[in-house]
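Beneath this line is the structure, given in structure tokens, with notes to follow.
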Amino acid sequence: MKTYQLGDVVQMKKPHPCGANEMEIIRMGMDIRIKCVKCRHSVLIPRSKFEKKMKKVLYSTLERKLALTDDGEGNG
């Protein structure tokens, strides 16, 4: 099972009609709402269907948070 969380940008197996293949996860629950990065259109799909159609996580919110804390801010 692929791991993903709220705010991640994922790559889907098929592109959106606008041509973009990147979607941002904006709501999680039994259904997942994803938003196209290019045209900002959002779609609500069942979690099971999302997991089948998702290819990989491109940008993770966890990675972004770690990058911000490791910027050499000198906390200590």
Rounded at 0.5 Å granularity, tell me how far CD1 in I32 sits from CZ in F50. 5.0 Å
So, using side-chain hydrogen bond (donor to acceptor under 3.5 Å, both in side chains) as the criterion, who are the partners of S48 when residues are at least two apart? none
Heavy-atom distance under 4.5 Å between the side chains of Q11 and M23, does that happen here? no
Shortest non-hydrogen pair, A20 vs K38, comes out as CB-CB, 3.5 Å
What's the spacing between I25 CD1 and S60 OG if we round to 0.5 Å? 9.0 Å
Consider only side-chain N and O atoms of Y4 and E51, and report whether a donor and an acceptor are under 3.5 Å apart. yes
Step by step, would you call K52 with K13 a side-chain contact (heavy atoms from CB on, under 4.5 Å)? CA-CA 9 Å; K52 289 177 188 173; K13 289 182 181 174; 5.6 Å; no
Donor-acceptor pair, K35 side chain versus V43 backbone, under 3.5 Å? no
Among pairs that include at least one residue of residues 6-34, which meet ring pair (Phe, Tyr, Trp, His ring centres under 6.0 Å), considering only residues two or more places apart or in two chains? H16-H41
For side-chain contact (heavy atoms from CB on, under 4.5 Å), just list the numbers for K56 and L58, CA-CA rounded to whole Å, side-chain angles, deciding distance to a tenth of an Å, and then say yes or no. CA-CA 6 Å; K56 65 181 177 179; L58 296 175; 3.6 Å; yes
Identify whether I26 and V37 are in the same connected component of the hydrophobic contact network (ILVMFWY, side-chain heavy atoms under 4.5 Å). no
Quick one: do L44 and M12 end up in the same hydrophobic cluster if we chain Ile, Leu, Val, Met, Phe, Trp and Tyr together by side-chain heavy atoms under 4.5 Å apart? no
Euclidean distance, I34 CD1 relative to D8 CG, rounded to 0.5 Å: 12.5 Å
Is any side-chain heavy atom of Y59 closer than 4.5 Å to a side-chain heavy atom of V10? no
Say you draw a straight line from CZ of R33 to CG of D31; how long is it, rounded to the nearest 0.5 Å? 9.0 Å
